[in-house]
Amino acid sequence: MMQVTETLNSGLKREIKVVVPATDMEARLMTRLTDARGKVRINGFRPGKVPVQHLRKVYGKSFMAEVVNEILNDARSIITERGEKAAMQPEVVMTEDEKEAEKILDGGVDFEFSLNYEVIPPIEIRDFADIKVERPVYDVPDSEIDEQVQRVAESTRSYEPKDGKAADGDRLTIDYVGKIDGEAFAGGTGSDQPLVLGSKEFIPGFEDQLIGTKAGDEKQVVVTFPENYQAAQLAGKEATFDVTVKEVAKPGELKIDDETAKSLGLESLERLREIVRSQIENQFGSITRQKVKRQLLDQLDSSYSFEAPSRLVEAEFNNIWNQVNRDLEAAGRTFTDEETTEEDARAEYLRLAERRVRLGLVLAEIGEKAGVTVSDEELQRGLFEQVRRFPGNQQQEVFEFYRSNPEALNSLRAPIFEEKVVDHLLGQISVTDTKVSKEELLAEDEEGEAEAKPAKKKAAPKKAAAKAEDGEAEAPKKKAAPKKKAEKDAE
């Protein structure tokens, strides 16, 4: 029988001392030895006739080590029996004295250890009647669908090589090398790159300087990267691009009809319009969802103020802080560049970590009481969505990683669970739809943004690094607009 004594109860911190009498350890060991007697084969003894004491001499310590591990696994049930929920796996503290450890394995002394842990505080879920959110709704006009369909159709336009100077609308095939202060920079080199003049695919000023060039021309283009350029190490800097024009081609007639849709693998122009509309609405719908969710979380955050388990906060903070520093390093920036200090940044990200942990516990409690669960099918869909974020040549490797690591796979469950709880709450609270313009929908909510991310400037390196990893920061291209996704999918 385990003897359990609480030795610390302060705030959320708990420590319990557990003592397993040597007699109980001996009984557990003898059970294992007796069970092994009929299974092991030892020279000089007939099967099943090996004396238990001889088995103990040979296997005693290894079997006792198994007993110790079994007790430690069982000990975690003590927390449940106490009616507590541990915030994280409890820390097990055992003797570090080698002689004492040997005595335990020899079965000569009681086995003593302590469990240190923090409990999840009791959370009383309040009525949702006072939570009210506005859902901004943007009705996509037909003109925007027409514009995007035309962009998609542009991918089917034919071009024919031409002699003479390049004009607006012509397609160039170019090689280029970008330099800053005379040094080539990462992502600034390309070869056989198609570029339609006037498409505004490259940073401002780049295309204009190529108008009038001919096949075989070499041109030095001088541009300044926008201040808000996604690759922070390039933002605001002047760069020169040594450009070689390899071909100039004039555009053929652009047709937007059923044949155009069929060349894209679709049955009709109407089907193409349906796909484009659906994709655009989904993109704006995602923005709407995030704004509604932010309002909901802000109100939950203001409604619940309780001490969050420090170990959970520390773990969350470390995740955030490590990512911030990786992003700063990748962007070649410092906290000074972000107009803050390391001390101030740590304080803000610690506040963010506390908010995330507290809201996570509230949502978990709401979900548990509402019976929200994540099915295996939903988890599989989440896995496939995660895998699709990686390049094609890495997808199988990523898939196998998750399939062979239950903990990693389980980490995908949390965000799915959270979204389902949010859906549950949206069905319980007051949600008012408000018609807005596209500009209003895309405008950032400064106060909400500050709550979700400590500061826009501090969050910038993370955004830039993430986009660079996705290949969107290749110079001299501009950041792809949301509409590009519809075009890509339709193709």
Side-chain angles (χ1 to χ4, degrees), residues 143-256 260 263-264 276 467-468 471-488 490-491:
S143 59
E144 191 160 342
I145 306 301
D146 293 339
E147 179 184 345
Q148 183 56 29
V149 168
Q150 180 168 342
R151 289 182 179 274
V152 173
E154 283 285 353
S155 66
T156 68
R157 188 197 288 268
S158 61
Y159 288 83
E160 296 179 1
K162 80 170 192 178
D163 296 325
K165 297 179 179 180
D168 192 41
D170 286 347
R171 185 185 70 189
L172 306 186
T173 301
I174 61 173
D175 294 343
Y176 59 83
V177 177
K179 299 177 182 178
I180 293 178
D181 296 330
E183 297 290 333
F185 57 87
T189 301
S191 59
D192 294 325
Q193 175 73 47
L195 172 61
V196 176
L197 299 181
S199 64
K200 299 181 181 179
E201 291 183 2
F202 282 27
I203 57 178
F206 188 95
E207 297 171 23
D208 295 340
Q209 297 178 55
L210 294 178
I211 292 177
T213 58
K214 304 184 301 296
D217 284 355
E218 294 182 354
K219 174 84 173 181
Q220 187 176 78
V221 173
V222 181
V223 293
T224 299
F225 283 95
E227 291 292 341
N228 62 345
Y229 193 68
Q230 58 266 31
Q233 71 273 22
L234 302 177
K237 293 186 177 180
E238 183 179 90
T240 61
F241 287 88
D242 296 330
V243 180
T244 300
V245 179
K246 303 177 77 171
E247 182 186 71
V248 178
K250 63 181 179 181
E253 181 183 359
L254 177 63
K255 295 182 179 181
I256 303 177
T260 302
S263 70
L264 294 168
V276 169
K467 288 172 181 172
E472 293 184 11
E474 286 186 359
K477 286 188 177 181
K478 280 183 62 179
K479 171 186 172 186
K483 59 193 177 186
K484 289 294 181 183
K485 182 178 186 299
E487 179 176 342
K488 180 179 178 182
E491 291 175 348

Practice task
Could you walk me through whether R157 and E154 pass the salt bridge (charged side-chain N to carboxylate O under 4.0 Å, His left out) test, one step at a time?
Solution key: CA-CA 5 Å; R157 188 197 288 268; E154 283 285 353; 3.0 Å; yes
Within-4.5 Å side-chain heavy-atom neighbours: [X] and [Y]:
X    : Y    : answer
Y176 : V221 : no
V245 : K219 : no
D170 : P251 : yes

Can you sort out the partners of [X] under side chain to side chain donor-acceptor pair (under 3.5 Å), two or more places apart, ordered by chain and number?
X    : value
D168 : none
D217 : none
E247 : none
T260 : D257

Side chain to side chain contact (heavy atoms under 4.5 Å, CB included) partners for [X], two or more places apart:
X    : answer
K237 : I180
D181 : none
D175 : S191, D192, T244, K246

Pairwise distance [atom1]([X]) to [atom2]([Y]) - rounded to 0.5 angstrom:
X    : Y    : atom1 : atom2 : result
L234 : F225 : CG    : CZ    : 4.5 Å
R171 : K162 : CZ    : NZ    : 12.5 Å
I174 : Q193 : CD1   : CD    : 6.5 Å

Give the minimum heavy-atom separation between [X] and [Y], together with the two atoms involved.
X    : Y    : result
L254 : A153 : CD1-O, 3.6 Å
V196 : G169 : CG1-O, 3.8 Å
A184 : V177 : CB-CG1, 4.3 Å
T224 : G236 : CG2-O, 3.8 Å
P204 : V223 : O-CG1, 3.9 Å

Exercise for the section: Could you pull out all residues at least two apart from K179 that satisfy salt bridge (Lys or Arg N to Asp or Glu O under 4.0 Å)? Expected result: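 Applying salt bridge (Lys or Arg N to Asp or Glu O under 4.0 Å) to K179 gives D242.
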Using residues 207-216 as the side-chain source, report each donor-acceptor pair under 3.5 Å to any protein atom, sequence neighbours left out, with the distance given to one decimal.
from : atom 1 : to   : atom 2 : distance (Å)
E207 : OE1    : G198 : N      : 2.8
E207 : OE1    : S199 : N      : 3.2
E207 : OE1    : K200 : N      : 3.1
E207 : OE2    : K200 : N      : 3.1
E207 : OE2    : E201 : N      : 2.9
E207 : OE2    : F202 : N      : 3.2
Q209 : OE1    : V222 : N      : 3.2
Q209 : NE2    : G205 : O      : 3.0
Q209 : NE2    : V222 : O      : 2.8
T213 : OG1    : L210 : O      : 2.7

Exercise for the section: Determine whether more than 12 heavy atoms belonging to other residues, nucleotides or ligands lie under 6.0 Å from atom NZ of K250. Expected result: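 Open: at most 12 neighbouring heavy atoms sit under 6.0 Å from NZ of K250.
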